[in-house]
Amino acid sequence: MAALAGFAGRAAADDVVRSEVDARKVGLHDQVQLTITVEGSHLPNQAPMPALTNLQVVGGPAVSTQMSFVNGHMSQSRSWTYALEPQAVGRAEVGPVTVKLGSTETSAPAIPIEVVAGSVKPQPAPQRSNDIFDEDPFSRLGRQRQAEPRLFVEAKPSRTRLYVGEPLLLTYYLYTQTGVSGLQLAQAPQFQGFWAEDLNSPERPTGEAITVDGVTYRRFPVMMKLLFPTRAGRLTIPAATLSIGIPRQSFFDVGGVVQRSTKPVTVEVRPIPEEPGFSGAVGHFRADASVDRPNLSLGDAATLRFKVEGSGNLKWVDRAPEVNVQGAKVYPPQVKSDLRASSAGISGSRTWEFVIVPQTSGTIEIPSLAFSYFDPSKERVVRSETPPVPLRVAGGAPGAAAPVPMTATAPALRGGPLPLRADLELGSRSFPFSGKAVAVAAGLALVLHGLLWGSGRLGQLRLGGPRGAAAPRSTRSALRDLERIGRDGMSKEKAAGLIEKTIHGVFGSLDGQEDERARAVRDLLDEVHSVRYAPQLGDYSEKLRELAAHAVEVVRRWA
């Protein structure tokens, strides 16, 4: 009862975290009881265990949830109780406790404890005898006059027949003819066969007058659960037991705590028809597809957003639609959710964001995407489809390959880096060639090609090998470049581009090669591209360091 009364005294308070021990000075042979309590509108399922100095946990946690009504205002709290044992004489401490409540963090300070030799905790008082002359005569009289309070609890479902994945609102009601000082779950309900979502009860429930079997009560909603059955058949929600604090009613009445239990609730759950492509979603939804850049340059990336919006069990749905775009590389999606739970169910949206990198110029098309869900009102699977989305890609002749495809398709000189998209754009901005200049440049290229061929042949004659010492110097240079990854505040795109440029410079084109070396290089480049074009949703520094280390292994083994 003390716990109930203490909770009631904090009604209408803001979210708070409290850490308490039953003694600040204990003996080495004593135990310390630590209780962590969270009060407010956002109750976590678990409170973090604080750091312990010169103490160890020997029992717990025992978890209890309390609710109380004071002047029509309902508040709630949850407590975790541990048994601690000191380790040595001297100083001990229970560290600070920090709990995230909604969007904020609330902390309770550290608690110092003094540990002395022996035992200093008082022993429990001996049991009183049954002799009536050893007790207050008014206490027995009060107990004789105290009447059993008229109250009970009920678990009421919003429906008793539904489909797998369809929401059921379960409301726990308190019916009472007397005041209530506290409410605590003595035995929490178990929801076997259901996926459960907690719903916030009204902050100030006023209650309603209701007649049951000819008797008038005041009914208050004390707890609400949103339940989604996960299998078909006859499912039973077992009884829940609540401890209810009763305040003092008269001079001879000292109040007390009574327990009341709900009746079990049974529901019939119907199966969902099996159909190919069914997502598992149950409710009412609509799908939409869009891109952030319908017009882009060859080598750039666009983000495709596939959004499903509506009401139902969207939290269950984690499988992304399959996206295949001819003429483009599609990377695995990032998932974003904006979902809210209410008495009507879960509503909001879930969005999958795909990064699409065109590998050819012209107009390419993102095909229609489908989302299939079960509509309980229609009792059938419904298919929502999006219209095709065009992407117009500029740069090069229509149908030209991207400058930097996933595996190099253009021959490259060994030891010389392939130009990246940024390098090509910089060149086009800095040197606007005329037609005559292009012709002169082409002639110079032929002359240089001849000189390079001749010098290569001369090197072969002098050194007796096809490459001479060029490859080792290129490898050393590549390793030096890879060591720069993750330094100097390098951006994700720049770091990934440097790895890609270095690998292309060392290995050149691997088209048509299917040996282990070619597969290792292609796998590495695929990982690099995935990071380079991924949406900036977090810190990629650790992933980039892993890729750089992987690239070093590939270069040292295969270059």
Side-chain angles (χ1 to χ4, degrees), residues 1-68 70 74-124 182-188 196-198 200-201 203 223 243 245 538-539 541-542:
M1 183 60 194
L4 289 170
F7 173 75
R10 294 200 56 87
D14 294 332
D15 292 348
V16 66
V17 175
R18 198 168 61 245
S19 179
E20 301 169 305
V21 294
D22 61 346
R24 295 292 186 101
K25 182 177 180 179
V26 296
L28 187 59
H29 303 303
D30 295 328
Q31 286 189 353
V32 183
Q33 181 174 292
L34 167 65
T35 302
I36 300 169
T37 303
V38 179
E39 301 178 6
S41 57
H42 303 88
L43 297 184
N45 293 324
Q46 179 63 48
M49 184 67 188
L52 301 176
T53 303
N54 195 21
L55 297 166
Q56 69 172 359
V57 178
V58 294
V63 184
S64 64
T65 302
Q66 298 89 29
M67 289 170 282
S68 69
V70 176
M74 188 187 80
S75 59
Q76 56 183 345
S77 71
R78 185 167 293 153
S79 299
W80 296 263
T81 302
Y82 299 85
L84 309 179
E85 196 171 81
Q87 299 295 289
V89 172
R91 179 183 176 276
E93 183 182 82
V94 175
V97 180
T98 300
V99 180
K100 187 170 184 180
L101 302 175
S103 59
T104 62
E105 285 189 344
T106 306
S107 299
I111 304 174
I113 298 173
E114 180 185 358
V115 182
V116 298
S119 175
V120 298
K121 269 195 169 183
Q123 298 299 316
L183 197 66
Q184 174 178 340
L185 276 170
Q187 181 179 343
E197 281 279 332
D198 289 326
N200 291 330
S201 299
E203 275 197 16
M223 185 170 64
S243 296
D539 184 12
S541 55
E542 185 63 31

Fill in: Residues Leu52, Gln87; criterion side-chain contact (heavy atoms from CB on, under 4.5 Å); working and verdict
CA-CA 11 Å; Leu52 301 176; Gln87 299 295 289; over 6 Å; no

Worksheet item: How many angstroms lie between CZ in Arg78 and CD in Gln184, if you round to the nearest 0.5 Å?
Response: 11.5 Å

Worksheet entry | Residue list, side chain to side chain donor-acceptor pair (under 3.5 Å) with Gln31, at least two apart or on another chain | none

Taking distance alone, no hydrogens or angles, what donor-acceptor pairs closer than 3.5 Å link side-chain atoms of residues 19-27 to residues at least two apart or in another chain?
from, atom 1, to, atom 2, distance (Å)
Glu20, OE1, Arg18, NE, 3.4
Glu20, OE2, Arg18, NE, 3.4
Asp22, OD1, Gln33, N, 3.0
Asp22, OD1, Lys121, NZ, 3.4
Asp22, OD2, Lys121, NZ, 2.6

Discussion item. Run the side chain to side chain contact (heavy atoms under 4.5 Å, CB included) test against Ser107 and tell me which residues pass, sequence neighbours left out.
Written reply: Thr98

Worksheet item: Minimum heavy-atom separation for Ala88 to Asn54, with atom names?
Response: O-ND2, 2.8 Å

Worksheet item: Do you know the tightest heavy-atom contact between Pro86 and Asp30?
Response: CD-O, 3.1 Å

Fill in: For Val89, side chain to side chain contact (heavy atoms under 4.5 Å, CB included) partners two or more places apart
Leu28, Ala117

Discussion item. If the condition is side chain to side chain donor-acceptor pair (under 3.5 Å), which residues does Thr106 pass it with, not counting sequence neighbours?
Written reply: none

Item to complete: Would you name the heavy atoms of Ile36 and Pro48 that are closest together and state the gap between them?
Response: CD1-O, 4.1 Å

Worksheet, complete the sentence: Across all chains, not counting sequence neighbours, the side chain to side chain contact (heavy atoms under 4.5 Å, CB included) partners of Pro61 are Trp80, Tyr82

Practice prompt. Take Val57 and Leu84, measure what side-chain contact (heavy atoms from CB on, under 4.5 Å) needs, and give me the verdict at the end.
Written response: CA-CA 5 Å; Val57 178; Leu84 309 179; 3.7 Å; yes

Discussion item. Going by the rule salt bridge (Lys or Arg N to Asp or Glu O under 4.0 Å), which residues pair with Glu93 if we only count those two or more places apart in sequence or in a different chain?
Written reply: Arg91

